[in-house]
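These numbers come from a predicted model, not from an experiment. In the text below, chain A, chain B and the rest are named by the order of the sequence lines, each starting its count at 1.
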2 protein chains.
Amino acid sequence: MSLRIALLGLLVESGAASGYGLTKHFELSAGNVWHAKHSQIYPELRKMEADGAIETVEEGARGKRTYDVTEAGRVELRRWLVEHEPERTIRNEASLRMFLLPLLGPEESVPLLRAEAAMYTTRAKRLDEICSHIGNDVSMYQARMGYHNMRAMEAWATETADAIEQKAAGA
Amino acid sequence: MSLRIALLGLLVESGAASGYGLTKHFELSAGNVWHAKHSQIYPELRKMEADGAIETVEEGARGKRTYDVTEAGRVELRRWLVEHEPERTIRNEASLRMFLLPLLGPEESVPLLRAEAAMYTTRAKRLDEICSHIGNDVSMYQARMGYHNMRAMEAWATETADAIEQKAAGA
DNA sequence: AATAGCATGTAAGAAGTTACATGATTTC
DNA sequence: GAAATCATGTAACTTCTTACATGCTATT
């Protein structure tokens, strides 16, 4: 369901797009909340077209298909956003790793936490940079979400590395 | 792989535990980074025992089995934490919904964003409360990660609701 | 002429969900 | 004695990943 909703949302936001374009969109902005590869996206789009949530608006060279949301698709998306109680479950391998890192000794965990903090700083800066050049409101809000999340992990990794270091120095 | 690592990590952290106990542990602390249900956990534990990452240390009433990590399991976990480059992909249905919410009109999106912000405030406070009563360092760092993440989403939802409101007032 | 990017697809297998199934123990 | 919690398991299904497969177009 989530993949279907994500695709509907991206199509509403960007207007008509191909499976390839939607795959790219996932890699960039939407990647902070959902993830999908082309091998999952192409069949899903076919299925969505089959039950009327999207339609082919153009067929180009080399089998290229441009899809757009139908009225039924818009209704489905709106209903989901307004009425559906989302699952509060998360799967994030990078965060799982951070979560478990304090199980290692200070000599190993502190440098790894600092490295992660630096990575999150870089990502936050990149997103901030992107935000300042975005014309579109919705895209800006979306990039800001990523920004807040990066800053949160950066702050946590730094705070935790500091705490582990202090503890190790005191012991 | 991630489920296996999560289970190894939780066992190292808490000491020997049953499938039931690990399922509970997922619902509480680990739920901020990974998710698994008992129907996935029980077979996974059997598989991990079969290849020597964990072992049964006690068999109790009604088929209860208590597992603990083996030395091989510890080595596997450490290697993964130190050497494995984690996938930077996220799947979070609640965030996907937030991400798409600005596609709705201000009358619909603003109240929904405010409601989410309030929910994140509640969760952040609960985690903060939990932190102040935790004796164990590792558990505290873990709860703090959840805390930072909740505050980030709270800040984003508030900021976005404000921006949408201002924009609507100006137009 | 080679490389990178555009563009789509499928098959096999792994991971995860839903639903069914069972039964003891503790708390109200 | 009813309800909640402890405790484990499996089967069918859906979702997601990995790997293979193809071929055009633009750039260097």
Side-chain angles (χ1 to χ4, degrees), chain A residues 1-8 10-11 14 16-28 30-31 33-51 54 56-67 84-94 96, chain B residues 1-8 10 14 16-28 30-31 33-51 54 56-67 80 84-94 96:
Chain A
M1 194 79 271
S2 294
L3 174 57
R4 185 185 174 108
I5 294 299
L7 291 169
L8 284 174
L10 295 183
L11 282 173
S14 66
S18 65
Y20 188 84
L22 289 162
T23 304
K24 291 291 148 191
H25 204 146
F26 259 109
E27 283 166 19
L28 302 166
V33 291
W34 204 258
H35 180 258
K37 309 196 177 184
H38 78 274
S39 57
Q40 201 187 353
I41 291 171
Y42 290 121
E44 184 70 29
L45 289 169
R46 293 287 181 152
K47 212 173 105 201
M48 289 164 75
E49 183 171 38
D51 44 55
I54 61 174
T56 301
V57 290
E58 199 192 323
E59 287 184 64
R62 305 159 258 154
K64 177 172 182 179
R65 308 184 133 253
T66 305
Y67 295 99
H84 176 76
E85 183 54 38
E87 272 211 39
R88 302 278 167 190
T89 58
I90 298 171
R91 280 201 180 82
N92 184 340
E93 198 178 290
L96 171 64
Chain B
M1 195 77 270
S2 294
L3 174 58
R4 186 185 173 106
I5 294 299
L7 291 169
L8 284 174
L10 296 183
S14 65
S18 64
Y20 187 84
L22 289 162
T23 304
K24 292 291 147 188
H25 204 147
F26 260 109
E27 284 167 19
L28 302 167
V33 291
W34 204 259
H35 180 259
K37 310 196 175 185
H38 78 274
S39 57
Q40 202 186 354
I41 292 170
Y42 290 121
E44 185 69 30
L45 288 169
R46 293 286 182 155
K47 212 172 107 201
M48 288 164 76
E49 183 171 38
D51 45 55
I54 61 174
T56 301
V57 290
E58 199 192 320
E59 289 185 62
R62 301 160 259 156
K64 178 172 182 178
R65 310 185 131 251
T66 305
Y67 295 99
W80 190 87
H84 175 76
E85 183 54 38
E87 273 212 39
R88 303 277 167 191
T89 58
I90 297 171
R91 281 198 181 85
N92 184 339
E93 198 179 290
L96 171 63

Indicate the ring-plane relationship of B/Trp80 and B/His84, choosing parallel, tilted or perpendicular according to the 30° and 60° boundaries.
-> parallel

Whole angstrom is fine here: how far is it from [atom1] in [X] over to [atom2] in [N]?
{"X": "A/Tyr42", "N": "D/dT17", "atom1": "OH", "atom2": "C1'", "result": "16 Å"}
{"X": "B/Arg4", "N": "C/dG16", "atom1": "CZ", "atom2": "P", "result": "13 Å"}
{"X": "A/Leu45", "N": "C/dA7", "atom1": "CG", "atom2": "P", "result": "14 Å"}
{"X": "B/Glu27", "N": "D/dA7", "atom1": "CD", "atom2": "P", "result": "13 Å"}
{"X": "B/His38", "N": "C/dT17", "atom1": "NE2", "atom2": "P", "result": "12 Å"}
{"X": "B/Lys64", "N": "C/dT22", "atom1": "NZ", "atom2": "C1'", "result": "18 Å"}
{"X": "A/Ile41", "N": "C/dA7", "atom1": "CD1", "atom2": "P", "result": "14 Å"}
{"X": "B/Arg62", "N": "D/dA7", "atom1": "CZ", "atom2": "P", "result": "6 Å"}

Closest to the 5' end of DNA chain D, once B/Glu87 and B/Gly19 are matched to their nearest nucleotides, is B/Gly19

Which residue lies toward the 5' end of DNA chain D, A/Lys37 or B/Ala61, if each is placed at its nearest nucleotide?
-> B/Ala61

Heavy-atom side-chain proximity of [X] to [Y] below 4.5 angstrom:
{"X": "B/Met48", "Y": "B/Arg4", "result": "yes"}
{"X": "B/Ile90", "Y": "A/Val33", "result": "no"}
{"X": "A/Trp34", "Y": "A/Ser2", "result": "yes"}
{"X": "A/Phe26", "Y": "A/Ile41", "result": "yes"}
{"X": "B/His35", "Y": "B/Lys37", "result": "yes"}
{"X": "A/Thr89", "Y": "B/Asn92", "result": "no"}

Dot-bracket encoding per residue of DNA chain C, Watson-Crick/G-U cut-off under 3.5 Å, | denoting interstrand | ||||||||||||||||||||||||||||

Looking at B/Arg65 and B/Glu49, does any basic side-chain N land under 4.0 Å from a carboxylate oxygen?
-> yes

Letter per nucleotide, 5' to 3', of nucleotides 11-16 of chain D [B base touched, S only sugar-phosphate touched, - untouched; heavy atoms, 4.0 Å] = ----SS

Under the 3.5 angstrom rule, does the side chain of A/Arg88 hit a backbone N or O of B/Ala94 as a donor-acceptor pair?
-> no

Under 4.0 angstrom between A/Tyr20 side-chain N/O and C/dT8 OP1 or OP2 = no

